[in-house]
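These notes concern the structure reproduced below.
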Amino acid sequence: MAAAIKAKVFQTENTVALARNLIGTRLVIAPAQGEPIARRITETEAYHGEEDLACHARRGRTARTEVMYAAGGVWYVYLCYGVHEMLNLVTGPRDRPCAVLIRGVEGLTGPGRLTRALGIDRRFNGRAASVATGLWIEDDGFRPAPRQILATPRVGVDYAGPHWAGRKWRFVWPAGHDGTRHSRSSSEA
DNA sequence: TACTCGATCGGA
DNA sequence: CCGATCGAGTAA
């Protein structure tokens, strides 16, 4: 049964594990008019607090990063390169600035591409990931088999130095990018 | 207030 | 490989 994942789940101490766990869940957006659109998440990245030099919160609280200090379960959407809206889910307990960047969903590779295709922008910044706000994440029990999920270094964060840029905190489900189903290897929650 | 630099993408 | 495009962050 598909159910919206609750904020409490997002408030875990282990954002890296959560980023991996979100692979295969469904990102759902309910437009002002028309049917909701749901696509399985195929690519994520974890950002882990002020100590993580790749994380926007590496310099502490600022106008932009303030939303990351909220308790997990709200969206953090910012404009990248003056062009692309980047969708992140704030995670962790209150005052712990962690987040998961949604980098890809079925049929839509790339963080900037998926937001453009789904009509997601900074209006969602600071809003809850819930049915009420029209953008949420759903768990229907399906997950790719663990060995189908790849862990790689995060993209575009070389500025963080080898120690942080080298962490394999990006998770990819390659087969999911083309919408292919692999029921034989799917697992139950 | 000036200046730099992006958690990217598409086109040359 | 490079330009687009603009707001946050930093320094002054």
Side-chain angles (χ1 to χ4, degrees), chain A residues 10-25 27 29 37 39-92 95-127 129 135-137 149-174 176-179:
Chain A
F10 300 137
Q11 289 160 17
T12 172
E13 299 276 349
N14 197 339
T15 291
V16 176
L18 177 65
R20 192 180 190 288
N21 241 282
L22 287 175
I23 299 294
T25 60
L27 178 68
I29 182 166
I37 302 166
R39 293 193 186 237
R40 292 196 191 280
I41 294 171
T42 57
E43 182 177 345
T44 61
E45 274 177 3
Y47 287 86
H48 204 259
E50 296 179 350
E51 71 280 5
D52 176 6
L53 296 185
C55 182
H56 284 171
R58 64 188 175 279
R59 294 184 181 99
R61 291 179 185 264
T62 66
R64 184 174 64 161
T65 63
E66 186 60 34
V67 66
M68 297 186 76
Y69 289 80
V74 301
W75 298 112
Y76 165 42
V77 187
Y78 72 95
L79 186 67
C80 187
Y81 292 99
V83 180
H84 308 285
E85 307 280 342
M86 306 290 275
L87 176 66
N88 299 255
L89 176 69
V90 172
T91 63
D95 296 326
R96 199 82 46 83
C98 301
V100 173
L101 169 64
I102 311 298
R103 292 187 54 90
V105 297
E106 289 174 287
L108 292 171
T109 304
R113 283 210 198 101
L114 81 87
T115 53
R116 181 161 51 83
L118 298 177
I120 296 166
D121 59 30
R122 283 164 287 175
R123 289 174 308 179
F124 286 101
N125 189 50
R127 302 178 68 171
L135 183 61
W136 69 96
I137 298 176
I149 301 175
L150 309 179
T152 83
R154 293 170 292 181
V155 175
V157 296
D158 286 348
Y159 60 78
H163 178 72
W164 292 103
R167 307 304 294 269
K168 295 184 175 177
W169 286 356
R170 170 175 174 252
F171 300 97
V172 193
W173 174 32
H177 281 303
D178 55 21

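Naming: A, B, ... by sequence-line order, numbering from 1 per chain.
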Interatomic distance, [X] [atom1] vs [N] [atom2] [rounded to whole Å]:
X: Leu79(A); N: dC9(B); atom1: CG; atom2: P; answer: 13 Å
X: Tyr81(A); N: dT4(B); atom1: OH; atom2: C1'; answer: 13 Å
X: Asp158(A); N: dC5(B); atom1: CG; atom2: P; answer: 15 Å
X: Trp164(A); N: dA7(B); atom1: CH2; atom2: P; answer: 16 Å
X: Arg59(A); N: dG6(B); atom1: CZ; atom2: C1'; answer: 10 Å

- Query: Charged N to carboxylate O below 4.0 Å: is that the case for Arg103(A) and Glu45(A)?
  - Reply: yes
- Message: Would you say the base of dG6(B) stacks on Tyr159(A) (centre-to-centre below 5.5 Å, plane angle below 30°)?
- Response: no
Inter-residue atom distance [X].[atom1] - [Y].[atom2], 0.5 Å rounding:
X: His48(A); Y: Trp164(A); atom1: NE2; atom2: CH2; result: 8.5 Å
X: Ile102(A); Y: Leu22(A); atom1: CD1; atom2: CG; result: 6.0 Å
X: Trp173(A); Y: Thr42(A); atom1: CH2; atom2: OG1; result: 8.0 Å

- Note on the structure: When Arg154(A), Arg58(A), Arg167(A) are each screened for side-chain hydrogen bond (donor to acceptor under 3.5 Å, both in side chains) with Asp52(A), the one that passes is Arg154(A)
How about [X] and [Y]: do any of their side-chain heavy atoms sit closer than 4.5 Å?
X: Glu85(A); Y: Phe124(A); result: no
X: Ile120(A); Y: Trp75(A); result: no
X: Thr115(A); Y: His84(A); result: no

- Message: With nearest nucleotide decided by heavy atoms, which residue, Arg122(A) or His84(A), maps closer to the 5′ end of DNA chain C?
- Response: His84(A)
- Item | Rounded distance in Å between the C1' positions of dC5(B) and dC2(C) | 16 Å
- Message: Could you tell me how far dA2(B) sits from dT5(C) if I compare only their P atoms? Round to whole Å.
- Response: 22 Å
- Item | Partners meeting ring pair (Phe, Tyr, Trp, His ring centres under 6.0 Å) with Tyr78(A) (sequence neighbours left out) | His56(A), Tyr76(A)
- Message: So, does Tyr78(A) get its side chain near the phosphate of dG6(B), meaning an N or O under 4.0 Å from OP1 or OP2?
- Response: no
- Item | Phosphate OP1/OP2 of dT8(B) contacted by Arg116(A) side-chain N/O (<4.0 Å) | no
So [X], base contact, sugar-phosphate only, or nothing? Heavy-atom distance under 4.0 Å.
X: Ala63(A); value: sugar-phosphate
X: Val157(A); value: sugar-phosphate
X: Arg154(A); value: nothing

- Query: What is the 5' to 3' range of DNA chain C, first to last nucleotide, that sits under 4.0 Å from any heavy atom of chain A?
  - Reply: dT5(C) to dT10(C)
- Query: Between which residue ranges does DNA chain C form stems of three or more consecutive Watson-Crick or G-U wobble pairs, both distances under 3.5 Å?
  - Reply: B:1-6 with C:6-11, B:8-11 with C:1-4
